[in-house]
Amino acid sequence: MEHIPGGEWTGIRYNYLTAEKPELLAAMRANEELEAHLQEVEDFYGERLWDLVERQMEREGVDEELKARDPLGWIGRVDNIRASVKEQLIQEICQ
């Protein structure tokens, strides 16, 4: 029985494959590649999310000065950036 690695990105990719690419999913299962593929997705997109969030924060001036001056505003901006980046990455995963 295959082991499906847990994680946010793994779930997104697995659900996409199940719904949109069942032939690819079956081929990965047959070749015993699914577990490794999903773990790669989890590792890659977990790191990529925060890399892109940090870059966007720099571009938008969401820095330690803002955090000290307006902690709640900083949290809101970081949350918005994270949500936007996550949506972009979900689109990327589902291709």
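Both backbone and side-chain heavy atoms feed into the values below; hydrogens, waters and symmetry mates do not.
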Could you give all pairs that pass the side-chain hydrogen bond (donor to acceptor under 3.5 Å, both in side chains) test and reach residues 71-86, with sequence neighbours left out? Glu8-Lys86
Distance check, rounded to the nearest 0.5 Å: Lys67 atom NZ versus Met57 atom CE? 8.0 Å
Determine, using the 4.5 Å side-chain heavy-atom cutoff (strictly less than), whether Val62 and Trp50 are members of one ILVMFWY cluster. yes
Is it possible for you to say whether Phe44 and Val53 belong to one hydrophobic cluster, with membership spreading through side-chain heavy-atom contacts below 4.5 Å? yes
Rounded at 0.5 Å granularity, tell me how far CD in Gln88 sits from CD1 in Ile90. 10.5 Å
Rounding to 0.5 Å, atoms CZ (Arg29) and CG (Asn31) come to a distance of 12.5 Å
Starting from Val78, can I reach Leu89 by hopping between I/L/V/M/F/W/Y residues whose side chains sit under 4.5 Å apart? yes
CD-NZ distance between Glu23 and Lys21, expressed to the nearest 0.5 angstrom: 8.0 Å
Could you check if a side-chain atom of Tyr14 sits within less than 4.5 angstrom of a side-chain atom of Thr18, using non-hydrogen atoms only? yes
Mark yes or no for whether Asp70, through its side chain, and Leu66, through its backbone, hold a donor-acceptor pair below 3.5 Å. no
Treating Ile, Leu, Val, Met, Phe, Trp and Tyr as nodes and any side-chain heavy-atom pair under 4.5 angstrom as an edge, say whether Val41 and Leu34 lie in one connected cluster. no
Closest heavy-atom pair and its distance - Arg13, Gln95: NH1-O, 3.5 Å
Looking at CD1 of Ile12 and CG of Leu17, how far apart are the two atoms once the value is rounded to the nearest 0.5 Å? 12.0 Å
With Arg69 via salt bridge (Lys or Arg N to Asp or Glu O under 4.0 Å) - residues at least two apart: Glu65
Looking at OH of Tyr16 and CG of Leu25, how far apart are the two atoms once the value is rounded to the nearest 0.5 Å? 11.5 Å
